[in-house]
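Reading through the structure tokens given below for one structure.
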Amino acid sequence: MPIWNKEVECASSEARTKLQLERLQETVERVYSRVPFYRERLDRAGVNPDSITCLKDIAKLPFTSKDDLRQTYPYGLLACKQADLVEIHTSSGTTGTPVVGAYTEADIDMWSDVMARTLSMAGCVKGDTVQNGYGYGLFTGGLGVHYGTRRIGANIIPISSGNTRRQLMIMRDFGTTLLTCTPSYSLFLAEAALEEGIDFHELPLKAGCFGAEPWSENMRVEIESKLDISAHDIYGLTELIGPGVASECEHKNGQHFNEDYFYPEIVNPETGEVLPDGEKGELIITSLKREGTPLLRYRTRDITYLMREPCACGRTSVRIHRLLGRTDDMMIIRGVNCFPSQIENVLMRIEGTQPHYQIIIDRGATHLDEIEIKVEVEEAVFSDVTRTMERLRKRIHDELKSELGISAHIKLVEPRSIPRSEGKAQRIIDKRSI
């Protein structure tokens, strides 16, 4: 696979550390001198730009949370003149005050670069046709992919999300070679293609870059099988840049972090203590080159761990393991902690199930938490005798109990009965908060 920027992506650890420290010092100086919010936070912590003499000093800096971004809406974290901005994005899919990402021309150039790296890891080169199924507009997915594709010089089809039949027609008629969208929507496309008589094995589609929602390794197997492609996990946040923070190469052994632009740490989510490589915790990211809205030690709420073992692709950057869940979508069922992705992993390896499910949490008559999982099954299973359904239901129940320690009510439902989404799939319905 091509490496977009070999000098940076394959740099020595010494060269990378030197660059990171220089950029960290510049960033702290920038926010201290230009952002009153950060000056007050740093003063309160007894830290100033001169306090940062090595990378370990980053632990002296205060954390930034999503609530901080909402409370400073719209321009409270701006670290440049408003006249220098060329683009604004905000978070999507949340209620209340959105979080803002403000971009200068240099920020857009950086975004184009990291997205060129991302797409290159999936094999995108000049001459490819990228069908961009991420939403355009305030959501960062669409334009992030667009900028990266343009930087590579490949052909971009800015179809955005939705209109599934048209997506398939465009894919077939224009010879799409790379697809970008949410993983759940790619499976929706596979279902629709079956109905339309379109065989993905006969299309030139070779790869896909999927993100914006958590997905499991077993869902990757489903996507690669049904679409006949290589499926790559990509990672990013509106708060930091959008997509392009980290992404998988062809070996799919963790996501390469763009460390020249973003500095990762893993901390204990309860104490904030920095954890060693290989230990699971909350991912913390510091911007190293943003001009518009740089962030210090942003709490992503994503659970993962750092991997520094050499990768066969030749890139030398640290990798993050695919996300294991989030601190704020972790479910606590009668004292047992688990994430939707863990449930998905169990479901996807059981023969007869489909990659569509919904988790409903409620409190029963005893006021104890109850969890019901609706699981779509294959047509042949659903139309089979009741005994087969009961065996499958018991197997799902027993494997969830054995592996995760949760006792769930399993409801097997017919194919296509769970609502589909053309964006992020709604996996959890928590009735305890209604």
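Residues forming a side chain to side chain donor-acceptor pair (under 3.5 Å) with Lys18 (at least two apart in sequence, or on another chain): Glu22. Every residue meeting the salt bridge (Lys or Arg N to Asp or Glu O under 4.0 Å) condition with Lys60, not counting sequence neighbours, appears here in chain and number order: Asp57. The side chain to side chain donor-acceptor pair (under 3.5 Å) test applied to Thr140 returns no partner, not counting sequence neighbours. Applying the side chain to side chain donor-acceptor pair (under 3.5 Å) rule to Tyr73 yields no partners; only residues at least two apart in sequence or on another chain are considered.
In this structure, Arg319 does not pair ionically with Asp277, as no charged nitrogen and carboxylate oxygen lie closer than 4.0 Å. With respect to the salt-bridge test (charged N to carboxylate O, under 4.0 angstrom), the residues Glu399 and Arg349 qualify. Salt-bridge annotation for Glu217 and Arg220: present, with a side-chain N of the basic residue lying under 4.0 Å from a carboxylate O of the acidic one. The residues Arg297 and Glu265 are annotated as salt-bridged, a charged nitrogen and a carboxylate oxygen being separated by less than 4.0 angstrom. Note on Asp107 versus Lys289: no salt bridge recorded, every NZ/NE/NH1/NH2 to OD/OE distance being 4.0 Å or above.
To the nearest 0.5 angstrom, Leu78 atom CG is 10.5 Å from Thr72 atom OG1. To the nearest 0.5 angstrom, Glu9 atom CD is 7.0 Å from Ser317 atom OG. In this structure, CE in Met121 is found 12.0 Å from CG in Asp233, a value given to the nearest 0.5 Å. One distance of note links CZ of Arg44 with CZ of Arg39; it measures 14.5 Å at 0.5 Å rounding. Atom CG of Leu77 is separated from atom CG of Leu69 by 5.0 Å, given to the nearest 0.5 angstrom. Going from atom CG of Asp260 over to atom CG of Leu288 covers 8.0 Å, rounded to the nearest 0.5 Å.
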Could you walk me through whether Arg299 and Glu282 pass the salt bridge (Lys or Arg N to Asp or Glu O under 4.0 Å) test, one step at a time? CA-CA 7 Å; Arg299 302 197 67 153; Glu282 181 183 351; 2.6 Å; yes
Arg290 vs Glu26, salt bridge (Lys or Arg N to Asp or Glu O under 4.0 Å): CA-CA, chis, key distance, verdict: CA-CA 10 Å; Arg290 281 297 298 273; Glu26 291 168 0; over 6 Å; no
Evaluate Ile266 against Leu283 for side-chain contact (heavy atoms from CB on, under 4.5 Å), listing each step before the verdict. CA-CA 5 Å; Ile266 300 294; Leu283 176 62; 4.0 Å; yes
Please lay out, stage by stage, how Glu259 and Gln20 fare under the test side-chain contact (heavy atoms from CB on, under 4.5 Å). CA-CA 7 Å; Glu259 289 186 90; Gln20 287 176 317; 3.3 Å; yes
Let me see the working for Glu239 and Leu295 under side-chain contact (heavy atoms from CB on, under 4.5 Å), right down to the final yes or no. CA-CA 8 Å; Glu239 298 91 321; Leu295 298 180; 3.9 Å; yes
Mind running side-chain contact (heavy atoms from CB on, under 4.5 Å) on Ile303 and Leu323 for me, showing each step along the way? CA-CA 6 Å; Ile303 301 297; Leu323 301 185; over 6 Å; no
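For the side chain to side chain contact (heavy atoms under 4.5 Å, CB included) criterion with Lys206, the lone passing option out of Ile229, Leu179, Leu227, Asp128 is Asp128.
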Can you give me every donor-acceptor pair (side chain of residues 28-35, partner residue at least two apart or in another chain, under 3.5 Å) with its distance?
from, atom 1, to, atom 2, distance (Å)
Arg30, NE, Ala79, O, 3.3
Arg30, NE, Glu291, O, 3.3
Arg30, NH2, Ala79, O, 3.2
Arg30, NH2, Glu291, O, 3.3
Tyr32, OH, Asp43, OD1, 2.7
Ser33, OG, Glu29, O, 2.8
Ser33, OG, Arg30, O, 3.3
Arg34, NH1, Ala79, O, 3.4

Side-chain donor-acceptor contacts of residues 166-175 below 3.5 Å, not counting sequence neighbours, with atom names and distances?
from, atom 1, to, atom 2, distance (Å)
Gln167, OE1, Gln131, NE2, 2.8
Gln167, NE2, Ser160, O, 2.7
Gln167, NE2, Gly162, O, 3.2

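For Lys280, the NZ atom sits in a loose shell: 12 or fewer heavy atoms of surrounding residues, nucleotides or ligands are nearer than 6.0 Å. The number of heavy-atom neighbours closer than 6.0 Å to CZ of Arg165, taken from other residues, nucleotides and ligands shown, is 12 or below. Counting heavy-atom neighbours within 6.0 Å of Lys252 NZ, excluding the residue itself, gives a total above 12.
Residue Leu85 comes nearest to Ala102 through the heavy atom pair CD2-CB, 3.7 Å, listed as atom of the first residue, atom of the second, then distance. Here the shortest heavy-atom pairing between Ala246 and Gln255 reads CB-CB, 3.9 Å.
Using a 30° and 60° split on the angle between ring planes, His89 and Tyr103 fall in the perpendicular class, above 60°. The aromatic rings of His321 and Tyr305 lie parallel to each other, with less than 30° between the two planes, well short of the 60° mark.
Remark: Arg322 qualifies as a cation-pi partner of Trp215 under the 6.0 Å distance and 45° angle criteria applied to the six-membered ring. Stacking of Arg315 on the aromatic ring of Phe257 is not recorded, the 6.0 Å distance cut-off and the 45° axial limit not both being met.
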